[in-house]
Amino acid sequence: MKELPKTYEPKQYEDAIYQKWEESGFFNPDKCIEKGITKADAEPFSIVLPPPNVTGTLHIGHAVMLAIEDIMVRYHRMKGDRTLWIPGTDHAAIATQEKVERKLWDEEKKTRHDLGREAFLKRVEQFAQDSHDRIVNQAKKMGTSMDWSREYYSLDKKRNLAVRKAFKKMYDDGLIYRGDRIVNWDPKMQSNVSDIEVNRKEEKAPFYYFQYGPFVIGTSRPETKFGDKYVVMHPDDKRYAEYKDGDAFECEWINGKIVATIIKDEAVDMAFGTGVMTITPWHDATDFFIAERHKLDKEQVIDFNGNLLSIAGEFAGMHILDARPKIVEKLKEKGLLVKVDEEYMHSIATNSRGGGLIEPQIMKQWWVDVNKTFKIKNSKIDGIENKQEVTLKKVLQHVVRNKNIDILPERFEKSYFNWVDNLLDWCLSRQLWYGHRVPAWYRGDEVYVGVDAPEGDGWEQDSDTLDTWFSAGMFSFTPLGGIDEETDDLKTYHPTSVLETGYDILTFWVVRMILMTTYLREEIPFKTVYLHGLVRDDQGRKMSKSLDNIIDPLDVSQKFGTDAVRLSLVIGSSPGNDSKLSEEKIGSFRNFANKLWNMSRFMLLNINESNINIEKPEVKTLADEWILWCLKDVLCRVTTDLEKFNFSSAGENLRAFTWDDLADWYLEIAKIEGDKSEILNYILNTILKLWHPFMPFVTEQIWTEIYGEHEMLMISRWPIDVSNEDVKKLKDRPFFGASSDVTDPASFGIIQNVITNIRFLRSDYKIDPAKKLNVIISAGDKKDILRENVEVIKKLARLENITIETKIEKPVQSVAFVESGVEVFINLEGVVDFAKEKDRLQKEMKQLSGYVTGLDKKLGNKQFVDNAPTEVVKQEKEKLEEGKSKLKKLAHQLENFS
RNA sequence: GCGCGCCUAGCUCAGUUGGUUAGAGCAUCUCGUUUACACCGAGAGGGUCGGGGGUUCGAAUCCCUCGGCGCGCACCA
């Protein structure tokens with residue numbers, strides 16, 4: 001066999017390996033079927049990549065997503081499933097437009113209006129294209145095995161057609177309507193944004209109390225008050241019992257006398273301020289709904305640029321922020337300012353994109369009605385019948401409650417319901433330029449909604465675009481086929497198997513996907529939602545440019561290798577929980593990749609002839625038996641873990657086997673026992689497969705080194721069938737795993753313990769590591785097993801001579817220990833410290849007798865014996881027997897010192 | 001205000017329906033170049049599982065309560 005270099009250098013191999021995978025075509029399941037790697041009727045497994053926004057580059061959060069999804073996909077592909085992972089990118093309307101607008105302003109001091117719609121869109125498209133190319137390149141660096149031939153873009157022709165069809169269908173069913181409602185208007189961006197796109201931040205602001213007729217009202221926004229002609233209080237508020245709903249009174253206000261009307265409404269919080277408020281229905285959501293309930297007038301006070309309208313009189317045309325102090329000053333002069341609370345904390349609404357201050361406005365917009373009843377026609381949703389009358393909200397509730405869709409971790413179901421149960425109508429239209437155009441046309445009072453423009457003259461298309469989540473809501477199926485065509489891809493891969501994404505996007509996207517898909521296709525979009533957490537820095541802070549704590553996945557991939565980065569993102573983090581990442585952590589996994597490389601290097605030196613299809617070899621020694629048992633165990637565990645989405649646990653189990661059992665014990669024994677060609681071949685072959693989904697590059701490279709250029713690990717077969725009964729039984733065995741075809745080699749544990757204890761005493765007595773010791777073992781019924789492994793014990797414990805008999809008395813000049821019923825005496829002529837030994841024995845006995853007494857007491861307790869399962873009682877009895885026997889031997893040894 | 005999560009070794013975290021003397025990695029200390037690997041090996045120290053109470057034969061695990069940290073949603077006139 002050829003010899004590997006001493007150190008694994010990821011940079012030397014990764015690009016070439018990716019190229020080899022990509023050129024093979026096996027990221028595409030059709031090709032796998034064509035080449036006989038996957039059966040045509042195999043179980044499908046599909047994931048649609050949550051498409052990164054074309055706003056720049058991939059960050060570490062994307063890397064987590066890519067790592068987890070690639071693990072699933074590679075595992076399923078190797079398992080023989082018909083596996084498809086579709087890549088894509090999202091136009092992210094508002095985010096991308098905002099980014100380009102900012103760039104345009106920073107670099108050229110121009111606004112989008114300076115360029116005009118068409119020219120501006122060209123700029124955005126160029127930016128999006130550049131981002132896209134960068135993202136694709138980065139995703140490939142991460143080793144993702146996505147089917148690039150099926151790549152999609154959220155704003156391409158197919159997706160656009162789907163959007164127009166979906167809009168029309170919903171409009172025809174009465175689920176989409178156009179109406180005047182209050183929206184979150186961003187004067188800076190000149191668009192409305194949805195509730196979830198609004199950020200709230202706490203801010204201290206002066207809170208003014210004004211005299212308003214007989215009442216005192218409070219506000220932090222005096223500039224909205226010009227149009228206030230209603231004063232509202234709670235119907236149960238005793239302080240204002242004398243006032244009746246509908247009563248009118250005249251009062252002095254900012255620009256002279258007005259007539260105000262009293263309204264009683266339960267929306268008023270009696271405990272807040274004076275319990276009385278005036279309302280501004282045009283510019284406040286709460287006020288808007290009060291006005292709706294009482295059919296009150298609504299009047300616009302502020303224009304769409306944030307300037308006051310003519311109703312403000314002398315303040316008209318001023319920006320609200322400039323006008324505010326002047327208005328307060330005027331009211332003060334008029335003697336209407338009662339007091340000012342300077343310590344008032346309130347939250348102000350800003351646009352999460354661009355940070356513009358939100359100014360609520362009433363506008364004509366397009367909405368999805370989530371409470372409108374419609375009929376399901378051809379239900380593919382378990383628990384919903386054909387012709388059943390439902391609402392979008394009801395379906396959203398049903399599919400999760402009925403477990404058609406599992407959310408992992410389960411606790412996020414609560415967030416889901418919290419959101420869905422309170423769902424309001426979804427505002428679809430945005431006054432942005434980058435995005436899917438609203439497919440509506442107007443001519444006078446006529447409105448036309450259709451997939452294409454209406455015939456006839458004089459029609460003008462709606463200039464607005466759609467919320468980016470409207471198209472995103474269809475991503476489980478639009479990459480597989482059109483909205484009303486049954487493609488083979490749709491039949492095979494939809495519903496998709498898993499939606500894997502960050503928990504922060506549950507409400508934005510997951511809800512919308514379920515809504516759109518259950519309505520449009522009358523089936524669920526995916527079976528399982530797996531939510532990962534956020535990646536934070538080593539101090540638990542969010543990564544941000546201002547903190548300068550960003551870990552760029554590409555940087556660290558260069559530095560430590562992609563495999564190390566992937567492992568560091570997956571191992572030690574659990575679903576739905578945030579995790580901390582540091583270069584130190586990545587470094588430790590770089591070390592592991594190198595360890596695996598070197599283990600392979602050693603194994604290759606000891607394999608005579610590599611055989612890619614090697615079957616389980618015959619065992620010759622106890623160590624062989626033991627390692628195969630451990631391998632089978634880890635095989636079952638990892639498979640079970642992957643099936644249950646326990647990626648971290650799978651990696652930890654694999655690591656423990658690879659490093660602790662295989663490298664530190666078995667490979668050392670292999671050097672002693674020799675002649676391990678077949679078994680090493682088998683083990684290496686198996687662990688490379690097990691590790692492949694986690695660390696695809698290093699495993700693929702080793703595979704190539706062993707089996708040559710034409711063999712590819714990526715499409716090799718997973719070494720155990722999931723239906724194997726050992727895998728199934730795993731969860732019933734609390735402490736040890738599978739072993740139907742491998743003998744449980746518990747006796748190897750005795751060998752290990754004897755060796756470890758001798759090593760401990762060497763260290764404790766500070767004996768020169770080069771010095772070889774003489775040992776006598778009083779072995780009882782373990783005599784044969786110890787004799788069989790005498791060479792292993794001698795070498796690993798560095799012994800000169802070893803004598804093993806059934807029963808031998810302790811030599812005086814020796815230190816001793818008891819292990820698994822075996823007494824071991826190390827001849828330490830001249831160096832034995834009697835006092836120390838006595839002390840050590842007494843200490844151990846004291847600890848042990850405490851343990852034994854505890855067990856004795858427990859077993860003497862009738863309640864325990866009666867109530868605990870017999871299995872547990874039996875275990876405790878065995879432990880007691882063992883403890884007592886050991887105690888006896890220790891006592892005997894102690895006698896020698898007295 | 002409603003809801004969720006977290007608090008286990010110096011640090012990062014496992015601990016699956018309550019049942020080994022509570023585990024791992026990193027870090028620390030001691031020793032060591034035994035030809036796969038110093039990105040390594042051998043050994044060690046380190047925890048009254050946030051506090052208190054309860055249920056149980058038995059609690060890190062279930063219940064109550066208090067404390068600290070974090071997050072989401074709503075309200076903010």
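The chains referred to below are lettered A, B, ... by the order of the sequence lines, with proteins before strands, and numbering in each begins at 1.
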Scan nucleotides 56-63 of chain B against the protein and return all N/O pairs shorter than 3.5 Å with their distances rounded to 0.1 Å.
unit_1 : atom_1 : unit_2    : atom_2 : d
C57(B) : O2'    : Asn861(A) : ND2    : 3.3

Can you give me the N/O atom pairs linking the protein to nucleotides 4-9 of chain B at distances under 3.5 Å, or say none if there are none?
unit_1 : atom_1 : unit_2    : atom_2 : d
C4(B)  : OP1    : Lys414(A) : NZ     : 3.0

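Taking the C1' atom of each, U56(B) and U61(B) are spaced 13 Å apart, rounded to whole Å. Remark: the separation of the P atoms in C64(B) and A27(B) is 41 Å, to the nearest Å. Comparing the C1' positions of U28(B) and C71(B) gives an interatomic distance of 34 Å, to the nearest angstrom. Here the separation of G45(B) from C37(B), taken at their C1' atoms, is 27 Å to the nearest Å. Spacing between A9(B) and C26(B) at atom C1', rounded to whole Å, works out to 12 Å.
Between Lys580(A) and C11(B) there is no side-chain polar atom (N or O) within less than 4.0 angstrom of OP1 or OP2. Using a 4.0 Å cut-off, no side-chain N or O of Thr507(A) falls inside it from OP1 or OP2 of C73(B).
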Inset, instruction - Show your reasoning for whether side-chain contact (heavy atoms from CB on, under 4.5 Å) applies to Ile262(A) and Phe215(A). - result: CA-CA 11 Å; Ile262(A) 288 166; Phe215(A) 306 104; 4.1 Å; yes
Inset, instruction - If a protein heavy atom is under 4.0 Å from the base, mark B; if only from the sugar-phosphate, S; if neither, -; do that for nucleotides 34-40 of chain B going 5' to 3'. - result: --BB-BS
Please list every donor-acceptor pair under 3.5 Å in which a side-chain atom of residues 586-593 of chain A meets a protein atom from a residue at least two apart or in another chain.
unit_1    : atom_1 : unit_2    : atom_2 : d
Ser588(A) : OG     : Lys585(A) : O      : 2.8

Donor-acceptor contacts, no H, no angles, side chain residues 651-663 of chain A, under 3.5 Å, sequence neighbours left out:
unit_1    : atom_1 : unit_2    : atom_2 : d
Glu652(A) : OE2    : Ser648(A) : OG     : 2.9
Asn653(A) : ND2    : Asp641(A) : OD2    : 3.1
Asn653(A) : ND2    : Ser649(A) : O      : 3.2
Thr658(A) : OG1    : Leu654(A) : O      : 2.6
Thr658(A) : OG1    : Trp691(A) : NE1    : 3.0

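For Asn418(A), whose side chain is taken as the heavy atoms from C-beta onward, the closest listed nucleotide among C73(B), G43(B), A14(B) is C73(B).
Consecutive pairing runs in RNA chain B reach the stem threshold at B:1-7 with B:67-73, B:10-13 with B:23-26, B:28-32 with B:40-44, B:50-54 with B:62-66, where a stem means at least three Watson-Crick or G-U wobble pairs with distances under 3.5 Å.
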